[in-house]
2 protein chains.
Amino acid sequence: MNTANLIRHEYNVRFAELDLNLSQAMMLAYVAEFGAESQSRMADRLGVGRAAAGNIVDVLEKRGLLERLPDPDDRRVWLVQTTADGKAVAEKINEIDVIFRADLRKGISRRERQELTNLLLRVQQNLRPETP
Amino acid sequence: MNTANLIRHEYNVRFAELDLNLSQAMMLAYVAEFGAESQSRMADRLGVGRAAAGNIVDVLEKRGLLERLPDPDDRRVWLVQTTADGKAVAEKINEIDVIFRADLRKGISRRERQELTNLLLRVQQNLRPETP
DNA sequence: GACGTATTGTATAGTGCCATACAAGCGGGA
DNA sequence: TCCCGCTTGTATGGCACTATACAATACGTC
């Protein structure tokens, strides 16, 4: 948990140059990668509630990085899409992310990284209350 | 980070039966273990700011689980100590913690747990900006 | 001793999230 | 067709923390 806090904090520091926090950056990057999806789906991807996702979209929309399109098949839904500006910022986000991840894994081999992911997932399994 | 969030959430769920959240439980357990220390030192142990630590102590003091004693050597400082009630609750905290940790490491060998800790610490090293 | 610097605890404002409740809209069954 | 349960996005209130500023106090140096 300590390590996770430090990583989140450092992400926020590095994204500060874009005037974004980690959640906003993740939202933008996801939308840029996966295209128009509903806010609920984005909330699931980000691991936050729908209300939080809506707020994040609000902020990014006000900055002109995202836009909401009505879903032709479901009038409840907003489909969220990147603007041209948003695409440009999303690329910078990816650059910062690539650099940070490289910094994080300095001195850690590929095998060790796989082992780390594997162990964390197994710990997560122990937290899921019997999902068969 | 995902795993850490799940762990924190599950801790909060399990401590809810004592009407405590994770930070309050950690505070109480630390004070019970290490005895009277200043709030700043407790803040460091918990990994939160001094203001947050002060608030946690406030809550636990109002519930009669902790008490503040003036430090005879430094009039700025409150030494924080457990009451008898606090000691009893701290024992329950430890029991819950032992059980949860056992649940978490189901199916994970001692060697793997050491490897996990080792890898996380090495990642943390990469986050410390040149502390020699 | 006097002074500047550092540390302690507190107060305040701001942030990011959750939980809950709600209206609008969807879909299936009678 | 109508109704019931479900999902979607939003509004609201609350929580836990941070960052910052502050007064009181300690400490090292002259």
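First the proteins, then the strands, lettered A, B, ... as listed; each starts at 1. Atom set for the values below is all heavy atoms of this structure, side chains included, hydrogens, waters and symmetry mates excluded. Note that the structure is predicted; figures quoted are calculated from it, not measured.
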(request) Only counting residues at least two apart or in another chain, list the ones meeting side-chain hydrogen bond (donor to acceptor under 3.5 Å, both in side chains) with Lys106(B). (result) Asp103(B)
(request) Kindly give the heavy-atom pair with the smallest separation between Gln24(A) and Leu60(A), and that separation in Å. (result) O-CD1, 3.7 Å
(request) Check the distance between dG9(C)'s C1' and Leu79(B)'s CG and give it to me in whole angstrom. (result) 13 Å
(message) Rounded to whole Å, please give me the gap between CG in Asp44(A) and P in dC18(C).
(response) 12 Å
(request) Give a yes or no answer on whether the side chain of Ser38(B) reaches the backbone of Leu79(B) with a donor-acceptor pair at less than 3.5 Å. (result) no
(request) May I ask you to evaluate whether Ser40(A) reaches the phosphate of dG9(D), defined as a side-chain N or O under 4.0 Å from OP1 or OP2? (result) yes
(message) From CH2 of Trp78(B) over to C1' of dT7(C), roughly how many Å is that when rounded to an integer?
(response) 17 Å
(request) Would you please say whether a donor-acceptor pair under 3.5 Å links the side chains of Thr83(B) and Glu67(B)? (result) no
(request) Verify side-chain hydrogen bond (donor to acceptor under 3.5 Å, both in side chains) between Asn126(B) and Arg122(B), making sure each step is shown before the conclusion. (result) CA-CA 7 Å; Asn126(B) 289 340; Arg122(B) 281 163 65 194; over 6 Å; no
(request) Would you kindly give the CZ-to-P distance between Arg41(A) and dT7(D), to the nearest whole Å? (result) 13 Å
(message) Testing Leu121(B), Leu120(B), Leu119(B) one by one against Thr117(B) for a side-chain contact (heavy atoms from CB on, under 4.5 Å), which residue passes?
(response) Leu121(B)
(request) Could you check whether Arg68(B) gets within reach of a base, just the sugar-phosphate, or nothing at all, counting any heavy atom under 4.0 Å? (result) sugar-phosphate
(request) If a protein heavy atom is under 4.0 Å from the base, mark B; if only from the sugar-phosphate, S; if neither, -; do that for nucleotides 12-28 of chain D going 5' to 3'. (result) ----SSBB----BBS--
(message) How many whole angstroms separate atom CD of Gln39(A) from atom P of dT7(D)?
(response) 17 Å
